[in-house]
Amino acid sequence: VQLQASGGGLVQAGGSLRLSCIASGHTFSSYTMGWFRQAPGKEREFVAAIRWNNGNTYYADFVKGRFTFTRDNAKNTMYLQMNSLKPEDTAVYYCAAARDRGITTTLYDFWGQGTQVTVSS
């Protein structure tokens, strides 16, 4: 399984970005896909998850109402739409895949390379 994240960048507070992650190398119908982030000096934290087969989503409290996680089955691509960005959202964002696990899993098997998101105040 390969995951390639893109779409990061520099944005002002209150702005928006859309991250993408292209998944390849497997059929993902039984997977939970996730986004995580890691800020400098902090531990990696969970952001959002989606069940590939039905599109059900699960979010960390700090992104509810601001971030939306979707997937495009035909393109094997998932998206994280991030609105109302805050400086504290600044981090490297990683996409990940968990095989045969539920949406609240904390165990992910495959990771993308990360994309930097910087939100200026």
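In this chain, numbering begins with 1 at the start of the sequence shown. Computed from a predicted model, the values in this text were never measured in an experiment.
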N76 and F28: CA distance, side-chain angles, deciding distance, side-chain contact (heavy atoms from CB on, under 4.5 Å) verdict: CA-CA 8 Å; N76 262 19; F28 296 100; 3.7 Å; yes
Selection residues 3-20 - residue pairs positive for side chain to side chain donor-acceptor pair (under 3.5 Å), sequence neighbours left out: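 Qualifying pairs, neighbours excluded: S16-N83.
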If every non-hydrogen atom of [X] is compared with every non-hydrogen atom of [Y], which pair is closest and at what distance?
X	Y	result
Q113	Y94	O-CE2, 3.6 Å
A13	P87	CB-CD, 4.1 Å
L80	V47	CD2-CG1, 4.3 Å
A98	T105	CB-CG2, 3.9 Å
D61	K64	OD1-NZ, 3.1 Å
A91	Q116	O-NE2, 3.5 Å

A side-chain contact here means heavy atoms from C-beta on lying under 4.5 Å apart; do [X] and [Y] qualify?
X	Y	result
E45	F62	yes
L3	M33	yes
W52	N73	yes

From CA spacing to verdict: ring pair (Phe, Tyr, Trp, His ring centres under 6.0 Å), Y31, H26: CA-CA 10 Å; Y31 278 62; H26 209 269; 5.4 Å; yes
Would you say the side-chain atoms of [X] pair up with the backbone N or O of [Y], donor to acceptor, closer than 3.5 Å?
X	Y	answer
T27	S29	no
R51	N56	no
R101	L107	yes
T90	V119	yes

Approximate separation, where rounding is to 0.5 Å, of Q38 CD and E43 CD: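 Between atom CD of Q38 and atom CD of E43 there are 8.0 Å.
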Rounded distance (nearest 0.5 Å) linking atom CD1 of I50 with atom CD1 of I103: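 Those atoms lie 7.5 Å apart.
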Ring geometry between Y108 and F36 (parallel below 30°, tilted from 30 to 60°, perpendicular above 60°):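 Taking Y108 first and then F36, their aromatic rings stand perpendicular (interplane angle over 60°).
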Cationic N near anionic O, under 4.0 Å, K86 to D89: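 Looking at K86 and D89, the cut-off is not met.
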Worked check of side chain to side chain donor-acceptor pair (under 3.5 Å) between D100 and S30: CA-CA 5 Å; D100 298 329; S30 66; 2.8 Å; yes
Single-linkage hydrophobic cluster, 4.5 Å side-chain cutoff, [X] and [Y] together:
X	Y	result
V92	L85	no
L19	V11	yes
M78	W111	no

Step-by-step side-chain contact (heavy atoms from CB on, under 4.5 Å) determination, Q81 to T70: CA-CA 8 Å; Q81 178 66 42; T70 59; over 6 Å; no
Identified side-chain contact (heavy atoms from CB on, under 4.5 Å) partner of F69 from the options Y58, Y79, Y59: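 Testing F69 for a side-chain contact (heavy atoms from CB on, under 4.5 Å) against Y58, Y79, Y59 leaves exactly one candidate, Y59.
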